[in-house]
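Hydrogens, waters and symmetry mates are skipped; everything else that's a heavy atom, side chains included, is used. Numbers here simply count residues along the sequence, with the first being 1.
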Amino acid sequence: MNETRDKINTLYQQIKAYRADFKVQEDAWYAQQAEERARKKEQQKAEKEARLAAEEARRKELEEEELKRVPYEEEMQLCDYLVAYLESNFVAKDSSGATEGAANGTSEVTPLDGMKVFKRDDVEFAALGGTKKRGKKKGGGNAAKRDVITHGVDTIDSFAMLEIVPPSSVSGVQTAIDQLKAKKEAFSKMERGQVESISSKMRNEKKKADGAGTDKKKAKTVFSLEQDFPDLAVEETKKKEEVA
């Protein structure tokens, strides 16, 4: 009996020793993990500070470069670019009227030797039986389609930067050109900082986008079974009710 009791006490002491040793190792592991988290946190903080410092230095560099340039130079260059785009693609260049005549479908016909060219209004043409009226061809829709203009996404964005609506038809091209020239004239008379420049708008939009992305990452750090997996949450609730 005493021998059995002694063996139980010996085994119990061994178990206590094992538990104490495990506790020491566990505490050391948790301390190491806490130290590692603190180190990573400090590293991330230092990297963030360095990144912010680099961004601030770059911002100041851009501002200094912008101060050396003509106020709203980018805006005026963009106006010139869009005017050239409209004029080169949608405005006739021939001032003699040849281009306009080709667009209207009128041209001179050269007669062959020994033959005479008749017009529809000539009396001789009428005598040949050319007075029969034909039905009008349905081509009005095609003319309307030819008047429609489509622009690329980048071009639309460029017009939006200047707060000008891009022309949707050929008939509105000249109005858009006049607006662009007037906008350029207005920019040439503005003092620096009178309105927000395009480069400043783009920097602010990038900053907002970066901030929004950071907020989304932070909001997703907490796991929720009900929000992320609603079907599993319902099944888990049913299982608990059945067990109860």
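In summary, Glu61 and Arg58 engage in a salt bridge, as defined by a charged side-chain N under 4.0 Å from a carboxylate O. Between Arg39 and Glu42 there is no salt bridge, since no side-chain N of the basic residue sits under 4.0 Å from a carboxylate O of the acidic one. In this structure, Lys60 does not pair ionically with Glu64, as no charged nitrogen and carboxylate oxygen lie closer than 4.0 Å.
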From CA spacing to verdict: side chain to side chain contact (heavy atoms under 4.5 Å, CB included), Glu87, Val173: CA-CA 8 Å; Glu87 289 181 344; Val173 169; over 6 Å; no
Worked check of side chain to side chain contact (heavy atoms under 4.5 Å, CB included) between Leu162 and Phe187: CA-CA 10 Å; Leu162 298 173; Phe187 279 126; 3.9 Å; yes
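Between Lys201 and Met161, the closest heavy-atom pair is NZ-O, 4.1 Å. Nearest approach of Met76 to Pro71, heavy atoms of both residues: CE-O, 3.6 Å.
By the neighbour-count criterion of 12 heavy atoms within 6.0 Å, atom CD of Gln32 is sparsely surrounded, having that number or fewer from other residues, nucleotides or ligands. Heavy-atom neighbours of Glu3 CD from other residues, nucleotides or ligands within 6.0 Å: at or below the threshold of 12. Taking a 6.0 Å sphere around CD of Glu196, one finds it holds more than 12 heavy atoms contributed by other residues, nucleotides or ligands. Counted within 6.0 Å of CD on Glu163, heavy atoms from surrounding residues, nucleotides or ligands total 12 or fewer; the atom is thus considered open. Environment of CE in Met190: crowded, with over 12 heavy atoms of neighbouring residues, nucleotides or ligands closer than 6.0 Å.
Going from atom NZ of Lys181 over to atom CG of Asp80 covers 9.5 Å, rounded to the nearest 0.5 Å. In this structure, Ile15 CD1 and Thr10 OG1 are separated by 11.0 Å, a value rounded to the nearest 0.5 Å. One finds the NZ atom of Lys16 at 15.0 Å from the NZ atom of Lys23 (value rounded to the nearest 0.5 Å). Atoms CD and CG, on Gln179 and Leu82 in that order, are 12.0 Å from each other to the nearest 0.5 Å. If you take CZ on Arg37 and CD on Gln44, they are separated by 12.5 Å, rounding to the nearest 0.5 Å. Lys184 NZ to Leu180 CG: the interatomic distance, rounded to the nearest 0.5 Å, is 10.5 Å.
Contact annotation: the side chain of Pro167 approaches that of Leu86 to within less than 4.5 Å [non-hydrogen atoms, C-beta and beyond]. Taking 4.5 Å as the limit, every side-chain heavy atom of Val170 sits out of range of all side-chain heavy atoms of Val91. Using a 4.5 Å heavy-atom cutoff, the side chains of Asp147 and Ser169 are in contact. In this structure the side chain of Leu62 never reaches within 4.5 angstrom of the side chain of Arg59, judged on heavy atoms. Side-chain contact between Glu74 and Arg69 is present, with heavy atoms from C-beta onward closer than 4.5 Å. Side-chain atoms of Glu47 and Gln43, non-hydrogen and from C-beta on, do get closer than 4.5 Å to each other.
The ring pair (Phe, Tyr, Trp, His ring centres under 6.0 Å) check on Phe90 picks up Tyr85, with sequence neighbours excluded. Under the rule for a side chain to side chain contact (heavy atoms under 4.5 Å, CB included), the partners of Ser197 that lie at least two apart in sequence or sit in another chain are Glu66, Tyr72, Glu75, Ser199, Ser200.
Between the side chains of Gln13 and Asn9, no donor N or O sits under 3.5 Å from an acceptor N or O.
Of the possible polar contacts, one joining the Gln194 side chain to the Glu191 backbone as a donor-acceptor pair under 3.5 Å is found. A distance-only check finds a donor-acceptor pair linking the side chain of Ser158 to the backbone of Asp154 [under 3.5 Å].
Hydrophobic clustering, defined by side-chain heavy atoms of Ile, Leu, Val, Met, Phe, Trp and Tyr closer than 4.5 Å, groups Trp29 together with Tyr30.
Hydrophobic clustering (ILVMFWY, side-chain heavy atoms < 4.5 Å, transitive): Val165 and Leu78 are in distinct clusters.
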